[in-house]
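Just so you know, these numbers use all the heavy atoms, side chains as well, and skip hydrogens, waters and symmetry mates. Below, chains carry the letters A, B, ... as their sequence lines are ordered, and counting in each starts from 1.
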Amino acid sequence: MTVQDRTLHNFNILGFQQDLLSWYEANKRDLPWRKDQDPYKVWVSEIMLQQTKVDTVIPYFHNFLEKFPTVYDLAAAEEQEVLKAWEGLGYYSRARNLQHAVREVVEQYNGQVPDNSKDLEQLKGIGSYTKGAILSIAFNKPVPAVDGNVMRVFSRLLNIDDDIAQQKTKKLFEQIIHEVISHEDPSSFNQAIMDLGATVCTPKSPSCLFCPVQEHCQAFALGIEDKLPVKAKAKKNKTISYHVLQIRNENGEVAIEKRSKDGLLANLWQFPMIPVKELNGSPVEEWFYNQYGLRIKMGKKQGQLKHVFSHITWELEVHPAQLIVEDGTNHSLCFVPVEELSSYPFPVSHQKMMQYL
DNA sequence: AAAACGGGGCA
DNA sequence: TGCCCAGTTTT
């Protein structure tokens, strides 16, 4: 007995496709990346839409395509330019991986986005979902594009209570979509599921009474749409405290530094941050001298803010500081005029601190 | 299999 | 607060 037999034995595939696609044709959302089927635009939009709402993405998409209209423009750009265009969108490795992959497309595929699974999935930042989205939406191939929307919609349609946080559950849904996807119009099919999940089959209070595929839905028939999908609770995040220094030199310029090329907020810029835990009660000035080789005088706290990431929370205390003496040692700080800060990509938390300058 | 990786919006 | 969002990479 296969997985499909367990879940699809009474599912009217052709009827479902017809109800879904006719609803989509009449109700599809007018989105900027749906103007044409340019694989580059589809690609950019799909990367931006990872873990990010449509309304948030739209202005970024317009700006990004204006700055980098083709793969060649993006391939030729400075990474800092790309990060600046991504500033505030989060998950910055998406931007760096996208540019890395686009450069590969220019160099190895003559600037043409691959139209096959094998080449697409080896590009940085393209996983199972994005591969399927590009192949189906841009190239009209019947390939599953399974995301949270799809798992929610089909967990309800077929009354599947497997934990959608598990990786193997995603594979189950990919097998299911492989069976039910329209071969006449796979592009519309995948986009229709996305629209349905975003506007009707929502996480909370789904609009089942207006659902075009209500008659195909086991969860609605059983009145358990609120119980699905099943998802394991995420573990809660930890808090880390920092003192953040806005250091001025004798010219009134402010000290910033580039973050590590790896890990959290990679390659973005920030005001120097001192982990309170590393201080062990010693003065900030001393810790700072040991770390940077520069003498500073720290001022009174100007403000504090909390910034919540998906896995950690920053508690930030903002202090002004004055550079006492430049001793010639190498350090990682750049002193820049306040007016020039806007040309560097900053995390949102540090953008918020600029009000204290 | 689990953790790392942003930020905003909503009940 | 906790959960969700058109996920992928690293450990």
I need the NZ-P distance between A:Lys231 and B:dA2, as an integer number of Å. 14 Å

Say you pick atom P in B:dG8 and the same atom in C:dT9; how far apart are they, in whole Å? 24 Å

Within the 4.0 Å heavy-atom criterion, would you say A:Ser128 contacts the bases, only the backbone, or no part of the nucleic acid? sugar-phosphate

Rounding to an integer number of Å, can you tell me how far A:Met194 CE sits from C:dA6 C1'? 5 Å

Check this for me, if you would: do A:Glu87 and A:Lys84 make a salt bridge, where the nitrogen-to-carboxylate-oxygen distance has to be below 4.0 angstrom? yes

Lys/Arg N to Asp/Glu carboxylate O, A:Asp162 vs A:Lys170, below 4.0 Å: no

Counting side-chain heavy atoms from CB outward, which of C:dG7, C:dC3, B:dA2 is closest to A:Gln51? C:dG7

Using the 3.5 Å cut-off, write out each protein N or O paired with an N or O of nucleotides 3-5 of chain B and the distance between them.
residue: B:dC5; atom: OP1; partner: A:Leu264; partner atom: N; Å: 3.2
residue: B:dC5; atom: OP2; partner: A:His311; partner atom: NE2; Å: 2.9
residue: B:dC5; atom: N3; partner: A:Tyr91; partner atom: OH; Å: 3.3

Side chain of A:Pro347, heavy atoms from C-beta onward: which of B:dG7, C:dA6, C:dC4 has the nearest atom to it? B:dG7

Starting at CG of A:Leu228 and ending at P of C:dC4, how long is that distance when rounded to a whole Å? 13 Å

By nearest-heavy-atom nucleotide on DNA chain C, the more 5' of A:Lys233 and A:Ile126 is A:Lys233

When we call it a touch if two heavy atoms are under 4.0 Å apart, what does A:Val150 touch: a base, just sugar-phosphate, or nothing? nothing

Separation of A:Asn97 atom CG from B:dG6 atom P, in whole Å? 11 Å

Is the ring centre of A:Phe64 less than 6.0 Å from the ring centre of A:Tyr60? no

Measure from NZ on A:Lys204 to P on B:dG9 and round the result to the nearest Å. 16 Å

Could you tell me how far C:dA6 sits from B:dA3 if I compare only their C1' atoms? Round to whole Å. 22 Å

In one Ile/Leu/Val/Met/Phe/Trp/Tyr side-chain cluster, 4.5 Å: A:Val180, A:Phe220: no

Quick check: any donor-acceptor pair below 3.5 Å linking the side-chain of A:Thr56 to the base of B:dG9? no

By nearest-heavy-atom nucleotide on DNA chain B, the more 5' of A:Leu89 and A:Lys168 is A:Lys168

Distance check needed: B:dG6 P versus A:Arg259 CZ, whole Å only. 8 Å

Atom CG of A:Leu49 and atom P of C:dT8: how far apart are they, to the nearest Å? 12 Å

Closer than 4.0 angstrom, basic N to acidic O: yes or no for A:Lys41 and A:Asp36? yes

Would you mind classifying the nucleic acid contact of A:Thr202 as base, sugar-phosphate or nothing, using non-hydrogen atoms under 4.0 angstrom? nothing

Assign A:Leu31 to base, sugar-phosphate, or nothing according to its heavy-atom contacts below 4.0 angstrom with the strands shown. base

Give the nucleotide from the list B:dA2, C:dT10, B:dG7 with an atom nearest to the side chain of A:Lys124. C:dT10

Taking the minimum atom-to-atom distance to the side chain of A:Lys53, which one of B:dG6, B:dG8, C:dG7 wins? B:dG8

Rounded to whole Å, the NZ-P distance (A:Lys306 to B:dG8) equals 16 Å

Indicate, with a heavy-atom threshold strictly under 4.0 Å, whether A:Gln191 touches base, sugar-phosphate, or nothing. nothing

Salt bridge present between A:Arg156 and A:Asp226 (N-O < 4.0 angstrom): no

Under the 6.0 Å and 45° cation-pi test, does A:Arg295 pair with A:Tyr289? yes

Under 4.0 Å from OP1 or OP2 of B:dG6: is there any side-chain N or O of A:Gln50 that close? no

Under 4.0 Å between a Lys/Arg side-chain N and an Asp/Glu carboxylate O for A:Glu121 and A:Lys118? no

Touch class at under 4.0 angstrom, heavy-atom based, for A:Arg29 against every strand present: base

Candidates C:dC4, C:dC3, C:dG7 - which lies nearest the side chain of A:Lys170: C:dG7

Counting side-chain heavy atoms from C-beta on, which of B:dG7, C:dT8, C:dA6 comes nearest to A:Val348? B:dG7

Would you classify A:Trp33 as touching base, sugar-phosphate or nothing, given that sugar-phosphate means primed atoms plus P, OP1 and OP2, and contacts are heavy atoms under 4.0 Å? base

Check ion pair A:Arg29-A:Asp195 (N to O, under 4.0 angstrom): yes

